[in-house]
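These notes are about the structure you will find just below.
Just so we're clear, the structure is a prediction, and the values are computed from it rather than from any experiment.
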Amino acid sequence: MAKKVIPVILAGGQGTRLWPMSRVARPKQFLPLTGPLSLFQKTLQRVNSSLYSAPPVVVTNAEYRFLVAEQAAEIEIAPSSILLEPVGRNTALAMAAAAAHVLQCYGDAILHVVPSDHAVEITDGYWLAVTEAIVAAEAGKLVTFGQVPTHPETAFGYIQADAKVGAGACPVQRFVEKPNMQGAIEMLSARGHFWNSGMFVLDSVDFLSECRTLAPQTFEAAQAAVAGASADLDFIRLDAPSCTGAPDISVDYAIFEKTDKAAVVAVDFPWSDLGSWDAVWKSAQRDPSGNVTQGAVTLDGVSDSLVVTDHAHVAVNGVEDIAVIATNDAVYVGRLSDAQKVGDMVQRMRADAETTGLTEVHRTAYRPWGGYSSVLSGDRFQVKRLFVKPGRKLSLQKHHHRAEHWVVVRGTAEVTIDGTVSVVTENESIYLPPGCVHRLANPGKIDLELIEVQTGSYLGEDDIIRIEDEFGRV
C-alpha cells in the first residue's frame, strides 16, 4: 500500500529584507504581498489537495501561533497540527521535529515540506514535479526541487545535477553557495545548474535516519522536543529546553550537502522566494512603463520601479529603478537594483536603540482578539486605537501604574470593572482607575473600535497582570 503523503509548512521565519512591511512581529509570510491573501494563506490553499492524506502540519514560532490560527480560519483550511517552536533554530530542527511528529501521528509517511513565504504558481508541471518527487522519496531518496534559472541571481544557492524538467529525480552532484554575479552568469550559461528552491519531499523514517547519522545533535533535540511536547489550546508546544539546545543550522548544511541520498527534480513553474523588494517587483504584473504599485499611489515620469503603501498616499515623479515602501511609521526609499542591501540596513537599525523598535513591531500590533495602533504618546500619557473582533474578549487584567479612559467610536463594548458589567455604546466613554480588575469584550456582530487614553507613571505593555485569558496567556 502506498504511504501517506503529509504536507508540512514552515512558517517560523523572521525575514528582514522586506522591511518596513515585514518585521519580526509580523513577517512576510503573513503579509498580502501578491494579492488579497497572505503568502501563508496561499500556501495553505496550495496544499489543500486530494494528493495529500491529511491537512498540513504547520511549524511556526510560538509568537506567531495566533496569526497562523487566525489566517487559517479566514480561508477555512484548518491544519492538522500547529507545532510551536519556542526559539528559531533554522530548518534542520523544524523539519526533524515535523518528521518525528508525523511519524508519531501517521506512521512512516512521505513529507512534502514547503516554505510559507514563497510565491508559487500552480501548473500541471507543478503537480507532475511533486508526483515525481514522491516516487523518488518512496524509493529512499531525499528530494529537493531545482528551479530552472531565468536570469543570473546572487541571492539564491544553486544545485548542480544532470536533470531535466519532466525527467524525474536525478542525483545531486553538488550544492553551490550563493555566487557573485560573475559566478551566477557562468552557471546560467552552463547546463545543469538550478536554483535551490527550498522545497523538499522525503520519507519521514529515511530523513530521520540520515539526521541521526549526519546531524545527531539536531536529531536528539527533535526527538526530545516532540517527546516533551505539551498541548496548549489548539497548538502543540515543542519542549523548550530541547529546542533551545539544538544547533542553529539549515537542513541544507546539516543533511543535504552531506548525504548520498540527495536527489533533485528540475522544475520550471513560476516561482519566487520573494526574498527582496526586487523579487516582489519581478514576480508582479508590471505596467507599460515597468512599474508595480500597491495602495494609494500616483506616478509621473516613473519607470521600472516599485511603489507600495499601506497608509499615506505616495506620489513619485521623474525617477527610475526606485523602490518606495511606505507604512504608517516608516518609509524606505532606495534603488530597486540594490534591494538586497535592505537586510544590512535593518541590522544597523537594530543596533541603534533609537530605531531598533522599528525593526521589531509595527505601529499596529495584532492580537488574537483584534489589535491596537499607537496614535500619540508623551510624558505620562499615551493614546491608542483598539479594535476588537465580534465575539472576542481581552484577558481579565489589571495595571499597577496606569489609568485608562475608553471612548467607543464604533460598535458596542461590554466592560467589566471589579465584577460590575456595563454596556458602552458609540459616543459613550468609561473610566478605569489604576488597580481595577477589568475586561473588554465585543458582544456585537461588527468590529468594536475605541480610543484608549492611558495616563500614569509607567505605560509599558509589561504592566499587564493577566488573571484569566481564553487564549492561554495567563
Open item on the list: Take a 6.0 Å sphere around CG of D234 and say whether it holds more than 12 heavy atoms from other residues, nucleotides or ligands.
Closed with: no
TODO: Could you tell me whether R335 atom CZ has more than 12 heavy atoms of other residues or ligands within 6.0 Å of it?
DONE: no
Task: Mutual orientation of the aromatic rings belonging to F145 and H112 [parallel < 30°, tilted 30-60°, perpendicular > 60°] - done: tilted
Task: Partner of V57 by side-chain contact (heavy atoms from CB on, under 4.5 Å), out of I6, V47, I236 - done: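 Of all the options given, the one that passes is I6.
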Within the structure provided, determine whether [X] and [Y] are in side-chain contact (heavy-atom separation under 4.5 Å).
X	Y	result
L358	D329	yes
K28	R17	no
T154	K178	no
P7	L111	no
I322	V302	no
V251	F200	yes

Mind checking the [atom1]-[atom2] spacing from [X] to [Y]? Nearest 0.5 Å is all I need.
X	Y	atom1	atom2	answer
F194	M187	CZ	CE	12.5 Å
L299	S289	CG	OG	8.5 Å
E452	Y372	CD	OH	9.5 Å
I255	T218	CD1	OG1	7.0 Å
L31	L274	CG	CG	11.0 Å
Q29	S22	CD	OG	7.0 Å

Task: Worked verdict on R65 versus E63 for salt bridge (Lys or Arg N to Asp or Glu O under 4.0 Å) - done: CA-CA 6 Å; R65 63 195 186 279; E63 295 299 316; 5.0 Å; no
List the residues meeting salt bridge (Lys or Arg N to Asp or Glu O under 4.0 Å) with [X], not counting sequence neighbours, and say none if there are none.
X	value
D463	none
R350	E360
R367	none

Open item on the list: Pair Q45, Q41 - check side-chain hydrogen bond (donor to acceptor under 3.5 Å, both in side chains), show working.
Closed with: CA-CA 6 Å; Q45 288 184 333; Q41 288 173 318; over 6 Å; no
Assess the side chains of [X] and [Y]: does a donor N or O sit below 3.5 Å from an acceptor N or O?
X	Y	answer
R439	Q397	no
S197	Q147	no
N196	D252	yes
S373	T364	yes

- [ ] Scan residues 81-96 for pairs that pass side-chain hydrogen bond (donor to acceptor under 3.5 Å, both in side chains), counting only residues two or more places apart or in two chains.
- [x]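 Listed once each, the pairs are S81-H101.
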Task: Cationic N near anionic O, under 4.0 Å, E428 to R410 - done: no
- [ ] In sequence, state the C-alpha distance, the side-chain angles, and the governing distance for Y366 and F30, and then conclude on ring-ring contact (aromatic ring centres under 6.0 Å, His included).
- [x] CA-CA 11 Å; Y366 294 89; F30 302 115; over 10 Å; no
Open item on the list: If the test is salt bridge (charged side-chain N to carboxylate O under 4.0 Å, His left out), which one of E461, E449, E404 qualifies with K384?
Closed with: E461
- [ ] Please lay out, stage by stage, how I451 and V383 fare under the test side-chain contact (heavy atoms from CB on, under 4.5 Å).
- [x] CA-CA 7 Å; I451 299 300; V383 180; 3.8 Å; yes
Open item on the list: According to ring-ring contact (aromatic ring centres under 6.0 Å, His included), does anything in residues 267-297 pair up with another residue at least two apart or in another chain? List the pairs.
Closed with: H118-W271, Y126-F269, F156-W271
Task: Residue pairs fulfilling ring-ring contact (aromatic ring centres under 6.0 Å, His included) with at least one residue in residues 314-347, sequence neighbours excluded - done: none
Task: is_close_aromatic(F66, F471), centroid dist under 6.0 Å - done: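 Centroid separation for F66 and F471: below 6.0 Å.
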